[in-house]
**Student:** 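One structure, pasted below without further comment.
Starting from 1, each residue takes its place in the sequence as its number.
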Amino acid sequence: MNTQRYEEQNPSAAKMRQVSLVRLLLLALRRWRSMVLAGLILAVLLAGLKVAREYKNRGVSNVAHEDYLAAMEIYNASVESYSTAIERFQTKIDAKQKYFNESLLMQIDPHNECAATVSMVVRTPGLEAADMPSSEPGETSGASSVNASNVTHAYTDFITSVVSYDEIAADLGVPEQSVRELVLISTDQYHFSSVFKVQARSMDMELSVRILDHILEELEKNRDNFRAMLGDYEISRIARSEETVVDTVLLQQQTELQNSIVTLQKNLQTSQTSLKELVRPTEATGASTKTIIKHGIKYGIVGMIGGFFLMGLLYAILILTGGRILSDDEISIAFGIPVLLTFPSPEEGSSFAGGSSGTGRRTRAGKKIPAAARTADSGRESRFPVDRLLRRLTSDRPRMRISDACDVLVAKVENSLAGSDSKTVVLAGSVGEARLASLAEALRTHAREAGSPVSFEPAADLERNAASIRRLHAADACILVEEIEESSYRAAAEQAEIALASGRPVLGTVYL
């Protein structure tokens, strides 16, 4: 049955080895002392290099601190400059915006301005004589023309500076200056006279007329004072009008004010952005002793972890390249041979040792086990908890006595060879002739005590022992015997291939 199954499989199946990654890591961890030592060495190296570098770099802290102070001075100056500019721009914007919102002049629609205008002319006696040449050489007579100009300036100053608009401003609920801005005066100097024009403008014709009438009343009240101060002159009203006009000058004035507000707002935004983008210099100081120690500990931890895992990886590679059987299912997966039994670990070891079949020792059940059944690992069990834990995790051995294991194995063989009177089973494997002979003797003893007709014979090293091959050919069945972590996988695979090619049933594998 096993031969047919083997032939149906890929002939190169023995080379396709499958290994459990978890078991490989656990086996590598059994060398944890070396892994910890490698971690400590790498931790000391990394931490030492880091601490040495930190102490070396402490010497440049003075130069770095001077650079920091210079950069901080520039930073503070920039902050102060931008802050001052922001405050100045904001103050100007607030003032201009307030004026634009509250000023009566700025509320006028330039395309629909209500204007009340009066034109007045000033004449003085002897204007014609003033224009005639003097009778004496070098003599000039310009007193009359100068006097007319003085009258015009006096009236202009009086209207713009002396006339009070408090009553009108109070009625409108605005400052007096807001009303004064509504008055516009223009003058023209002619050959024999001086003409000036007074204009009151607003968004309402009634208000414009009221302002103009108030100005004319004040001029009339102070006419005698003007004559006493300026001399003899004639002033007469030549025209008065009330009309809605388009004031391009006012339109330009309003536009310029709005543009200046927009420009100030852009400048304000630019200054605010520049202030936000300023980066405060970072003080470059030498690392303190506490910081150096902290960095050393950090690098030490990294080195410890790195060294531990690097050494673990190295051990895993060494285990793989060693070519040993790592678990009891590798041969089974490769060749389709079932696992019959994995022997337990006795008090002194975990497998049958080589040697002669001399005086044996008794098990807990009282049955004799050959002295050769003592293990090669006798006395190696560590008392350290980590070692015991890892041994337990990596061991597939059942918790039972060796004598019971022998009885179970004999019973399984009987069950597999049921119906035959005489049953000879060959124990083949790469564990050595002495160990196979010891196991065969132990199994024969248990078979006789159980009244079983099964007989066990050793056949070591099938790949190079002709007698073992003939013994296999004469037997009724074959059992492969190997040892986990000791037997070579390649040698075990060769034994399995020979056994399967012999045509004899391969009942399974037994692991010592």
**Student:** Please examine the side chains of D247 and H111, heavy atoms only from C-beta on, and report whether any two atoms are closer than 4.5 Å.
**Tutor:**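 Contact flag for H111/D247 side chains = no.
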**Student:** Would you tell me whether Q269 and Q265 have side-chain atoms, one donor and one acceptor, within less than 3.5 Å of each other?
**Tutor:**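 Checked: Q269/Q265 side chains show no N/O donor-acceptor pair below 3.5 Å.
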**Student:** Please, which pairs that meet salt bridge (Lys or Arg N to Asp or Glu O under 4.0 Å) have at least one residue in residues 80-102, sequence neighbours excluded?
**Tutor:**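 Matches after skipping sequence neighbours: none remain.
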**Student:** Side-chain contact, heavy-atom cut-off 4.5 Å: R448 with T445?
**Tutor:**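 R448 vs T445: side chains touch.
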**Student:** Going from CG on L313 to CZ on F308, what distance comes out if it is rounded to the nearest 0.5 angstrom?
**Tutor:**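 Nearest 0.5 Å value for the CG-CZ distance: 12.5 Å.
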**Student:** CD/E113 to CG/L105 distance, rounded to the nearest 0.5 angstrom?
**Tutor:**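 Reported value, rounded in 0.5 Å steps: 8.0 Å.
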**Student:** Assess whether side-chain contact (heavy atoms from CB on, under 4.5 Å) is satisfied between L257 and Q253, documenting all intermediate values.
**Tutor:** CA-CA 6 Å; L257 178 60; Q253 185 178 354; over 6 Å; no
**Student:** Tell me every residue that passes side-chain hydrogen bond (donor to acceptor under 3.5 Å, both in side chains) with D204, counting only those two or more places apart in sequence or in another chain.
**Tutor:**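 D204 satisfies side-chain hydrogen bond (donor to acceptor under 3.5 Å, both in side chains) with no other residue.
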**Student:** Is L507 close to C478 at the side-chain level, that is, under 4.5 Å between some pair of heavy atoms?
**Tutor:**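 With C-beta onward as the side chain, the pair stays apart.
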**Student:** Contact between L341 and Y511 at the side-chain level, heavy atoms closer than 4.5 Å - yes or no?
**Tutor:**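 When only atoms from C-beta onward are counted, Y511 and L341 do not touch, as no gap falls below 4.5 Å.
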**Student:** More than 12 foreign heavy atoms under 6.0 Å from OH of Y75: is that the case here?
**Tutor:**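 Yes, because the 6.0 Å sphere around OH of Y75 holds more than 12 heavy atoms from other groups.
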**Student:** Quick one: list whatever passes side-chain hydrogen bond (donor to acceptor under 3.5 Å, both in side chains) with T509, sequence neighbours left out.
**Tutor:**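 side-chain hydrogen bond (donor to acceptor under 3.5 Å, both in side chains) list for T509, sorted by chain: empty.
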**Student:** With a sphere of 6.0 Å drawn around CZ of R490, does it hold more than 12 non-hydrogen atoms of other residues, nucleotides or ligands?
**Tutor:**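 Atom CZ in R490 is not crowded, with 12 or fewer foreign heavy atoms closer than 6.0 Å.
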**Student:** List the residues meeting side-chain hydrogen bond (donor to acceptor under 3.5 Å, both in side chains) with S34, not counting sequence neighbours, and say none if there are none.
**Tutor:**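 Partners of S34 under the side-chain hydrogen bond (donor to acceptor under 3.5 Å, both in side chains) test: Y315.
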**Student:** Before you tell me yes or no, could you show the steps for H295 and V51 under side-chain contact (heavy atoms from CB on, under 4.5 Å), namely the whole-Å CA-CA distance, both residues' side-chain angles and the distance that decides it to 0.1 Å?
**Tutor:** CA-CA 7 Å; H295 290 171; V51 171; over 6 Å; no
**Student:** Going through the distances and angles, do E256 and Q252 end up as a side chain to side chain donor-acceptor pair (under 3.5 Å)?
**Tutor:** CA-CA 6 Å; E256 290 177 352; Q252 182 179 0; 3.2 Å; yes
**Student:** Are the side chains of M304 and V36 in touch, meaning some heavy atoms are under 4.5 Å apart?
**Tutor:**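 The answer is yes, as the side chains (C-beta and beyond) meet within the 4.5 Å cut-off.
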**Student:** Quick one: which residue pairs count as a salt bridge (Lys or Arg N to Asp or Glu O under 4.0 Å) with a foot in residues 301-311, not counting sequence neighbours?
**Tutor:**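 Qualifying pairs, neighbours excluded: none.
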**Student:** Holding to side-chain hydrogen bond (donor to acceptor under 3.5 Å, both in side chains), I want the full list of residues that pass it with S103, two or more places apart in sequence or in another chain.
**Tutor:**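 Testing S103 for side-chain hydrogen bond (donor to acceptor under 3.5 Å, both in side chains), a comparison that skips the adjacent residues, returns E181.
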**Student:** Does the side chain of D109 reach to within under 4.5 Å of the side chain of M203, using non-hydrogen atoms?
**Tutor:**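 A side-chain contact under 4.5 Å is absent here.
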**Student:** Checking side chain to side chain donor-acceptor pair (under 3.5 Å) against S452, which of E414, H446, K423 comes through?
**Tutor:**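 Among E414, H446, K423, the one that satisfies the side chain to side chain donor-acceptor pair (under 3.5 Å) with S452 is E414.
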**Student:** Looking at E433, I'd like to know if its CD atom is crowded, meaning that more than 12 non-hydrogen atoms belonging to other residues, nucleotides or ligands lie closer than 6.0 Å.
**Tutor:**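 Result for CD/E433: open.
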**Student:** Taking the side chain as C-beta and beyond, is there a heavy-atom pair between Y489 and R324 under 4.5 Å?
**Tutor:**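 SC-SC contact between Y489 and R324 ruled out.
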**Student:** Output, in order, the C-alpha distance, side-chain angles, deciding distance and verdict of side-chain contact (heavy atoms from CB on, under 4.5 Å) for L512 and E482.
**Tutor:** CA-CA 6 Å; L512 301 181; E482 302 294 345; over 6 Å; no
**Student:** Going by atom types alone, do Q495 and S430 pair a side-chain donor with an acceptor below 3.5 Å?
**Tutor:**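 S430 and Q495 do not have a side-chain donor-acceptor pair below 3.5 Å.
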**Student:** Decide, yes or no, whether a salt bridge links R435 with E483 under the criterion of side-chain N to carboxylate O below 4.0 Å.
**Tutor:**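 Yes, R435 and E483 are salt-bridged.
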**Student:** Strictly distance-based, threshold 3.5 Å: is any side-chain N or O of S178 a donor or acceptor partner for the main-chain N or O of V174?
**Tutor:**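 Flag not set: sc S178 to bb V174 has no pair under 3.5 Å.
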**Student:** For the side chain of D461 and the backbone of E463, is there at least one donor-acceptor N/O pair under 3.5 Å apart?
**Tutor:**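 The answer is no, because no donor-acceptor pair under 3.5 Å joins these two groups.
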**Student:** Let's go through V426 and I479 carefully: what are the C-alpha distance in whole Å and the side-chain angles of both, what is the deciding distance for side-chain contact (heavy atoms from CB on, under 4.5 Å) to 0.1 Å, and is it a yes or a no?
**Tutor:** CA-CA 6 Å; V426 170; I479 294 177; over 6 Å; no
**Student:** Could you check if a side-chain atom of F456 sits within less than 4.5 angstrom of a side-chain atom of V410, using non-hydrogen atoms only?
**Tutor:**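 F456 reaches V410 side chain to side chain.
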**Student:** Mark yes or no for whether R504, through its side chain, and H473, through its backbone, hold a donor-acceptor pair below 3.5 Å.
**Tutor:**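 Judged by distance alone, yes, a pair lies under 3.5 Å.
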